[in-house]
Amino acid sequence: METHNLGSTRQYDEPTWTGAGFVEVPAQELWQRLPELLRDIVLSEIRSGNKPISILENQERGIVLLSLAKGPLIPRETDERVIVHTHHEYGNYCYDGTTATYEDVQSGNFLSFEDPEHEDENF
């Protein structure tokens, strides 16, 4: 697992998935901070063939974001518990290369679904 300190954000790339959490302690501690609803969505996505690729903590905002390699594989609509973002707005983590983010309304934590077809522009 690689660790990146990005100002107020600490990101863990390629943590080792056990089937119910992460081997590495920092990644597992963040996994446990995700609300049960988001953890259940992640587990359903993994059962459908997705995989977690990173987990981060924005210490300034006090939130956790878990990124999945593709998807979402199981479509979801915005409801009273989760907001589905499909384009960038300030603070929603839906950037270029991201298909969608799911924001837990109560906690402010996120799931991010990467677009495997996205290619970064070279300048």
Side-chain angles (χ1 to χ4, degrees):
M1 177 178 83
E2 289 185 41
T3 303
H4 304 279
N5 291 309
L6 311 165
S8 64
T9 299
R10 182 167 290 142
Q11 180 171 323
Y12 304 98
D13 289 339
E14 302 298 330
T16 308
W17 182 251
T18 67
F22 295 102
V23 170
E24 298 86 359
V25 172
Q28 179 62 17
E29 288 173 348
L30 294 180
W31 167 254
Q32 291 173 328
R33 284 181 43 197
L34 285 173
E36 184 177 358
L37 173 62
L38 293 185
R39 289 194 313 261
D40 288 346
I41 292 170
V42 169
L43 294 172
S44 294
E45 285 284 327
I46 290 169
R47 284 191 294 273
S48 296
N50 216 334
K51 72 173 198 164
I53 57 173
S54 69
I55 191 164
L56 66 79
E57 176 186 25
N58 181 309
Q59 296 163 333
E60 187 175 292
R61 292 176 60 189
I63 61 169
V64 173
L65 178 142
L66 183 139
S67 293
L68 294 151
K70 56 187 173 183
L73 301 178
I74 302 167
R76 180 180 188 94
E77 301 278 328
T78 292
D79 60 29
E80 68 279 352
R81 299 185 312 163
V82 174
I83 300 170
V84 176
H85 302 280
T86 57
H87 63 278
H88 178 70
E89 291 180 21
Y90 180 77
N92 74 1
Y93 290 96
C94 196
Y95 303 117
D96 288 346
T98 306
T99 304
T101 58
Y102 290 179
E103 178 180 1
D104 180 79
V105 172
Q106 187 173 11
S107 70
N109 292 315
F110 286 86
L111 300 179
S112 172
F113 298 88
E114 301 304 306
D115 177 1
E117 303 296 318
H118 179 76
E119 294 183 25
D120 288 329
E121 294 181 23
N122 293 323
F123 294 100

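Given the structure is predicted, the values throughout are model-derived calculations rather than measurements.
- Under the 4.5 Å side-chain heavy-atom criterion for ILVMFWY residues, no single connected hydrophobic cluster contains both Val105 and Val42.
- Placement of Ile74 and Ile46 in two distinct hydrophobic clusters is found when ILVMFWY residues are connected by side-chain heavy-atom separations under 4.5 Å, directly or transitively.
- To the nearest 0.5 Å, atoms CD1 (Ile63) and CG (Leu34) are separated by 10.5 Å.
- Closest heavy-atom contact between Glu114 and Thr99: O-OG1, 3.6 Å.
- Side chain to side chain, Thr9 and Gln11 fail the donor-acceptor criterion of an N or O pair below 3.5 Å.
- Using a 4.5 Å heavy-atom cutoff, the side chains of Asn109 and Pro35 are in contact.
- The distance from the CG atom of Leu66 to the OG1 atom of Thr101 is 12.5 Å, given to the nearest 0.5 Å.
- Of the possible donor and acceptor atoms, none in the side chain of Arg10 sits under 3.5 Å from a partner among the backbone N and O of His4.
- Side-chain atoms of Asn50 come within 3.5 Å of backbone N or O of Lys70 as a donor-acceptor pair.
- A distance of 10.0 Å separates CG of Leu68 from CD1 of Ile55, quoted to the nearest 0.5 Å.
- Here the side chains of Leu37 and Asp104 are in contact, with some heavy-atom distance below 4.5 Å.
- Looking at every heavy atom in both residues, Pro72 comes nearest to Ala100 through CD-CB, 4.2 Å.
- Rounding to the nearest 0.5 angstrom, the gap separating the CE atom in Met1 from the OH atom in Tyr12 is 6.0 Å.
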Please determine whether side-chain contact (heavy atoms from CB on, under 4.5 Å) holds for the pair Val82 and Glu103, giving the CA-CA distance in whole Å, both sets of side-chain angles, and the decisive distance to 0.1 Å. CA-CA 5 Å; Val82 174; Glu103 178 180 1; 5.9 Å; no
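- Residues Ile53 and Glu14 meet the side-chain proximity criterion, which asks for heavy atoms closer than 4.5 Å.
- By the rule that hydrophobic residues join a cluster once side-chain heavy atoms approach within less than 4.5 Å of another member, Phe110 and Val64 end up as members of separate clusters.
- With Thr78 contributing its side chain and Val84 its backbone, the two residues share a donor-acceptor pair below 3.5 Å.
- Ionic pairing of Arg33 and Glu57 is present here: one or more N-O contacts between side-chain nitrogen and carboxylate oxygen are shorter than 4.0 angstrom.
- Hydrophobic cluster of Leu73: no remaining members, since no ILVMFWY side chain lies below 4.5 Å from it.
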Tabulate below the donor-acceptor pairs under 3.5 Å that side-chain atoms of residues 15-25 make, not counting sequence neighbours, or state none.
{"from": "Thr16", "atom 1": "OG1", "to": "Glu24", "atom 2": "OE2", "distance (Å)": "2.8"}
{"from": "Thr18", "atom 1": "OG1", "to": "Ala20", "atom 2": "N", "distance (Å)": "3.2"}
{"from": "Thr18", "atom 1": "OG1", "to": "Gly21", "atom 2": "N", "distance (Å)": "3.1"}
{"from": "Thr18", "atom 1": "OG1", "to": "Gly21", "atom 2": "O", "distance (Å)": "3.0"}
{"from": "Glu24", "atom 1": "OE1", "to": "Thr16", "atom 2": "N", "distance (Å)": "2.9"}
{"from": "Glu24", "atom 1": "OE2", "to": "Thr16", "atom 2": "N", "distance (Å)": "3.3"}

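- Atoms CZ and OG, on Phe113 and Ser67 in that order, are 9.5 Å from each other to the nearest 0.5 Å.
- Between the CG atom of Leu65 and the CG atom of Leu56 there is a distance of 4.5 Å, given to the nearest 0.5 Å.
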